> 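Have a look at this one before I ask anything.
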Number of protein chains: 2
Amino acid sequence: MRLLGGRWRLLLVSYLLDGPKRFSDLRRDMPGISQRMLTLDLRALEEAGFVQRTVYPEVPVRVEYDLTADGDRLRPVVDVMREFGLWLKARDALVAHAESESA
Amino acid sequence: MRLLGGRWRLLLVSYLLDGPKRFSDLRRDMPGISQRMLTLDLRALEEAGFVQRTVYPEVPVRVEYDLTADGDRLRPVVDVMREFGLWLKARDALVAHAESESA
């Protein structure tokens with residue numbers, strides 16, 4: 001599962017589950033990721049057959065990234081991670097609250 | 001989800017889902033991980049409240065690592081990742097087979 005080990009990759013996939021996106025959309029969705037890292041992550045997901053990169057010959061040229069059918073198989077993975085992430089956030093908020101109460 | 005971002009952490013959790021383990025058991029389960037990295041990963045999971053480290057005052061001293069109740073909440077995450085991993089392995093084997101057929 002090294003493929004999904006990168007810090008941003010599953011998050012990236014979770015945004016692509018909403019539909020095709022341009023590079024600039026993804027930059028906006030994930031302001032913390034560098035341009036270089038986003039490029040590398042998209043390329044890795046493309047090479048693994050999870051992301052399709054489409055170039056539309058318009059002026060200016062439009063490039064879109066979309067999940068392939070294989071990439072769509074990551075939906076349950078993203079869902080369960082998201083659910084766990086929400087639970088974790090709630091737990092940590094409760095702990096922080098309890099600590100501030102007892103301080 | 002940076003907590004689970006490490007290359008080994010979910011795998012480590014998956015072994016602990018089977019029950020408590022000693023450090024040496026985990027080394028055997030994951031021969032690819034270095035002793036230092038395993039120590040760091042266990043400590044991170046312990047600090048996050050997912051792993052409980054218990055020292056049994058025997059001679060020689062016995063140290064066991066076990067999932068906490070919170071750590072057990074990672075089970076569905078591990079399950080879905082494992083399922084996806086198996087699918088991915090099967091897919092890649094099929095692709096490799098098709099390529100060797102057409103070569």
Side-chain angles (χ1 to χ4, degrees), chain A residues 1-17 29-34 37-38 40-41 44-52 67-99 102, chain B residues 1-17 29-34 37-38 40-41 44-52 67-99 102:
Chain A
M1 298 310 295
R2 211 175 314 171
L3 175 68
L4 300 175
R7 187 169 144 196
W8 297 99
R9 290 199 189 155
L10 264 190
L11 190 63
L12 180 47
V13 169
S14 80
Y15 285 114
L16 291 174
L17 281 169
D29 289 334
M30 301 178 289
I33 192 173
S34 70
M37 192 46 78
L38 181 54
L40 291 177
D41 281 347
L45 290 168
E46 202 185 333
E47 277 165 16
F50 293 147
V51 165
Q52 165 84 46
L67 290 183
T68 62
D70 280 2
D72 214 55
R73 296 190 75 115
L74 280 162
R75 193 179 292 273
V77 178
V78 167
D79 284 347
V80 84
M81 289 292 268
R82 188 179 285 163
E83 203 175 324
F84 181 81
L86 289 172
W87 168 81
L88 187 61
K89 216 167 161 178
R91 182 198 75 165
D92 290 350
L94 270 176
V95 169
H97 180 70
E99 278 170 358
S102 69
Chain B
M1 298 308 294
R2 212 174 312 172
L3 175 67
L4 301 174
R7 188 169 144 194
W8 297 99
R9 290 199 189 154
L10 264 189
L11 191 62
L12 180 47
V13 168
S14 80
Y15 284 113
L16 291 173
L17 281 169
D29 288 336
M30 301 179 287
I33 193 174
S34 70
M37 191 47 77
L38 181 55
L40 292 177
D41 280 346
L45 290 169
E46 201 184 334
E47 277 165 16
F50 293 146
V51 166
Q52 165 84 47
L67 290 183
T68 61
D70 280 1
D72 214 55
R73 295 191 76 115
L74 279 164
R75 194 179 290 273
V77 178
V78 167
D79 285 347
V80 83
M81 290 294 267
R82 187 180 283 162
E83 203 174 324
F84 181 80
L86 289 173
W87 169 81
L88 188 61
K89 216 167 162 178
R91 182 199 73 165
D92 291 350
L94 270 176
V95 169
H97 179 70
E99 278 170 359
S102 68

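Only a predicted model underlies this, so the values are computations on that prediction, with no experimental measurement involved. Proteins come first, then strands; the chains are lettered A, B, ... in the order of their sequence lines, and each starts at number 1.
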> Looking only at heavy atoms, what is the nearest atom pair of Val77(B) and Val80(A), with distance?
CA-CG1, 3.9 Å
> Can you see which heavy atom on Phe50(B) is nearest to which on Arg91(A), and at what distance?
CE2-NH1, 3.6 Å
> Examine whether an atom of Asp70(A) lies under 4.5 Å from a heavy atom of chain B, and if so say whether it belongs to the side chain, the backbone or both; otherwise answer neither.
both
> For Asp79(B), is it the side chain, the backbone, both, or neither that has a heavy atom closer than 4.5 Å to a heavy atom of chain A?
neither
> Please enumerate all residues that pass side-chain hydrogen bond (donor to acceptor under 3.5 Å, both in side chains) together with Arg82(B), with sequence neighbours excluded.
none
